[in-house]
Amino acid sequence: MRVNLKGTKTLLVDDFREMRIAIKGTLEALGADDIVDVGSGQDALDAMTAQDFDLVLCDYNLGDGKDGQQVLEEARISGLLKQQALFVMITAENTSEMVMGVVEYYPDGYLVKPVSRPVLELRLRKLAQRKRFLSPIEKCIQLKDFQGAAAECDKASQTPSPYRHEAIKLKGAALLTSGALDDAAALFEEVLEERDFPWAMAGLGKAHYLAGRYKQAVEVLTRLIDDHRSYMEAYDWLADARCRLDDPARATEVLASAGRLSPKSIRRQQKLGWLALKQGDYSTSAKAFKNATTFGRYSCYHKPEDHAGLARAYSGDGKPKKAEETLTEGRRRHKKTSHNMAPLNLAEGLHLYAVDRAEQARGLIESTAKDYLRGGGDLEIDGASDLLDLCLKLKLPDAAKGIAKRVLLEHHEDEQLAAQVRTAFEKAGLATEAESLIDGARHKIVEINNEGVKLARLGRMKDAIVHLTSAAEDLPGNSTINLNAAQVLIKEMKANGVTRSYLLKAKRHLAHAARDHKAGNRHRKLSNDLGTLTGTGDARKMEESLGLQNETFFPKSL
Amino acid sequence: MKDPDATFSSVMANSVHDIKNSLSLLLSSLDKFSDDWPDPPPEKTVQINELRYETRRINSGLIQMLALYKAEYQDFTTNIQEVDIDELLLEMELENRELLGQKGITLQIENEWLGLGFMDCELVKSVLNSLINNAYRYSESELLLKAYPDGPYLVLAVLDDGEGYPQSTVDQQATQRTGLNLITGSTGLGLHFAAMIARLHHSKQLRGHIKLDNGGIGGGGRFRLFLP
């Protein structure tokens, strides 16, 4: 069977014009007649935005600007690649280093230069075969129909095929995502009898982790890293498990060794930077953020927080000049792409306070806090807690109270946060204020929930939905309220059919709740319910038409 | 790890990228040349194939040098994946058949291995390619590339019908672990590389290794790569 690329919409990305002409010639010899070729990562993304492609051939090394992996990440995150499209990465070097830089999104295949015509043909044919074989499974996973996915996997793994193990691997992933942790663990243990598949060891480690068996997770993942030093995903989960076991120092070590092996993985570097910063390990933190700002320059994961973190690490390390330069550079770089200067303002305020320029800090922090309370600046929970602490130190008690109120409402069950708020207010001689803020937030949340439950019990489902979804809109960070809102929506759709507006809302609230790792089990259960609800018939078509994005499955616990 | 200079490494990585691009262009020009001139006189075909052969030798040499450099100065890591052995052999055949045919050597492939193999595909391919490149010089008329099980190992064997390896090379393989100096010449570099790549493959306490003898076709050279 020959490959015929006639009619295949193909995108070719290489920064070297002659190279594009050469590969184009090879593709044309295989029948290709619909080729768009571009010379940079940004042009590739623009082309993918303008039209859908069936096949993308992308060089990894694209000179200045985004590299091939960053193009792939952004395309997947922004939903620019159809599920059945093939993305093939072309590389000059051995693939192992590139694979190590991947946190989440893998290409469908790699081609190593120089690529001869017969090999390109064979490779494309095999990749298309593989894609066709796995496609029904991937489709179910994308629609979060995990039962369907598992059934497709069983079907696929019974047929003798070179992709049998891949089907088993996907089934394991589907079981993990759907929360069937014991089944997942049993499946991985069964394949491990056959061979020490690194993916199966990683899967077993994840199953232990998600089930809260952190010690066992550490044991399996450590063994995996000993045997397969370049299996980077293991480091991410091992670090998370170490954190859960209250051992942030060793978690830092784990991520630092991962960072040395694959410095270009920006998300791993960000995680390392914050973890090290929290423990006062400033030099490790600075190194990590430096890598994030350098290698991540063109990545869609790059945020103002990276410069904020770097400045804070330098400041903590006694390098005021470098801290100030970093802040200037951060503002300059993110001015156009992000309007969120809150993390940089906070970093600057902390720095000014540390070098005894409290007056200057005060003005800046006062306006940052005001902005934050108006919903203008966005901060992660740790950032918000640092901001309120600094407000108290700078004698801005009203701003501090406002921030405390907001974060406590969003995270009313977070004991660690409550303790931080308590300590900060106690130091400022405002211990009683802290208690009333904490209690007030908890009461308020209980009230909102009770009212929702009451309305639902009375059969006033529409009112319950309005009540809970509007509360959830006000408090996007509160996972309990968002999950409750999703739950009433799902219940209503189960009883009276799926509607587009309820479906969108339910997804939105589930996505909000997904940011809180403690919401894990309940979130998985509700996602499953929603998946079952939209798994068939018209609802499935509606779901498909919404243009789903893959939900990330990267551990978020740090 | 004793990387002398990070800048040097990145200069090297960029050079490799450039050289690989040049090789790609060279190969595609040759393809285009053949398209435009489907039936050249025999001596031209010989020359074109000679060019292809040299391009591939440069490529193999480059891969090996880079791998050895990394093993010496940096963290050398493998990307061990499930590999469809049929596809691997077919790819080797597609890449080499024409060139070998040109010299009157027929390349046979035999697969007695059922299912998937586990290896860093690119590295193993470059080992096999470099052996086939040698065979291009030393084989008489037949070359056999074979995959089969041997105990817990997958064996990839290259058998030729040439005069066989010199006895000294066969004897030296026992000491190949001790380093590059023991085996000299271009074959030596290839074997050193092959042994290194083999050792990087391991599973359940088994390690990959190579064996070299004259059990090839009619006493010709036989190279075996054992992968756990």
Side-chain angles (χ1 to χ4, degrees), chain A residues 14-16 18-19 21-26 28-29 59-61 63 90-100 110-123 125-126 129-130 160-166 169 192 194-199 227-232 260-262, chain B residues 1 13-14 16-32 34-35 52 55-56 58-59 62-63 66-67 70 74-87 90-95 97-98 114-118 120-123 125-126 202-205 228:
Chain A
D14 198 309
D15 59 328
F16 191 25
E18 282 74 17
M19 204 56 220
I21 296 173
I23 300 177
K24 215 170 154 179
T26 310
E28 278 163 356
D59 194 42
Y60 175 75
N61 191 333
I90 304 179
T91 144
E93 273 196 66
N94 184 358
T95 50
S96 71
E97 280 166 57
M98 203 170 316
V99 174
M100 285 198 305
Y110 292 95
L111 279 171
V112 180
K113 281 182 189 173
V115 188
S116 69
R117 195 184 291 175
V119 170
L120 179 70
E121 183 180 359
L122 178 68
R123 237 359 127 73
R125 193 170 74 215
K126 291 283 179 180
Q129 265 173 22
R130 174 174 169 275
S161 133
Y163 315 117
R164 203 178 71 93
H165 283 111
E166 252 174 289
K169 184 172 162 182
L192 283 171
E194 203 179 317
R195 192 188 167 92
D196 283 341
F197 292 103
W199 55 266
D227 288 352
H228 302 272
R229 209 159 40 98
S230 58
Y231 201 84
M232 303 314 291
R260 276 191 295 276
L261 282 170
S262 72
Chain B
M1 265 150 290
N14 286 331
V16 169
H17 186 245
D18 282 353
I19 299 172
K20 289 265 201 163
N21 272 343
S22 300
L23 291 175
S24 305
L25 290 177
L26 201 57
L27 280 178
S28 85
S29 299
L30 287 169
D31 281 343
K32 186 137 192 349
S34 305
D35 287 346
R52 285 213 172 97
T55 314
R56 294 164 39 104
I58 296 171
N59 191 41
L62 192 65
I63 295 173
L66 193 71
K70 284 195 177 156
Q74 292 178 337
D75 247 334
F76 188 70
T77 49
T78 51
N79 174 25
I80 294 182
Q81 284 186 319
E82 300 169 23
V83 175
D84 181 349
I85 300 299
D86 266 333
E87 183 180 348
L90 202 55
E91 238 177 76
M92 299 307 300
E93 189 191 2
L94 283 173
E95 279 192 0
R97 191 179 41 199
E98 200 184 336
L114 299 170
L116 296 167
F118 299 88
D120 186 315
C121 192
E122 295 309 324
L123 292 176
K125 265 170 62 183
S126 67
H202 53 87
S203 170
K204 295 210 190 260
Q205 273 106 46

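Note that the structure is predicted; figures quoted are calculated from it, not measured. Order of the sequence lines fixes the chain letters, A, B, ..., with proteins taken first and strands second; residue numbering starts at 1 for each chain.
Rounding to the nearest 0.5 angstrom, the gap separating the CG atom in L116(B) from the NE2 atom in H165(A) is 7.0 Å. Atoms CZ and CG, on R117(A) and D31(B) in that order, are 4.5 Å from each other to the nearest 0.5 Å. The distance from atom NZ of K24(A) to atom OG of S28(B), rounded to the nearest 0.5 Å, is 13.5 Å. We find the CD-CD distance between E166(A) and Q81(B) to be 8.5 Å, quoted to the nearest 0.5 Å. Note: N21(B) CG to N61(A) CG = 8.5 Å, rounded to the nearest 0.5 Å.
In terms of heavy-atom pairs under 4.5 Å with chain A, the best-connected choice from D35(B), I80(B), D86(B), L27(B) is D35(B). Put simply, of R195(A), E18(A), H228(A), the one with the most heavy-atom pairs under 4.5 Å next to chain B is R195(A).
Only the side chain of E82(B) comes within contact range of chain A, judged by heavy atoms closer than 4.5 Å. At a 4.5 Å heavy-atom cutoff, the contact between L192(A) and chain B is made by backbone atoms alone. Within the 4.5 angstrom heavy-atom criterion, only side-chain atoms of N59(B), from C-beta onward, approach chain A. L90(B) touches chain A through backbone and side chain together, each having a heavy atom under 4.5 Å away. Contacts between F197(A) and chain B at a heavy-atom distance below 4.5 Å involve the side chain alone, from C-beta outward.
Looking at E95(B) and L122(A), their side chains never come closer than 4.5 Å, going by heavy atoms from C-beta outward.
With respect to E87(B), the salt bridge (charged side-chain N to carboxylate O under 4.0 Å, His left out) criterion is satisfied by exactly one of R130(A), R125(A), R123(A): R123(A).
Using modelled atom types, no side-chain atom of K113(A) and backbone atom of K20(B) make a donor-acceptor pair closer than 3.5 Å.
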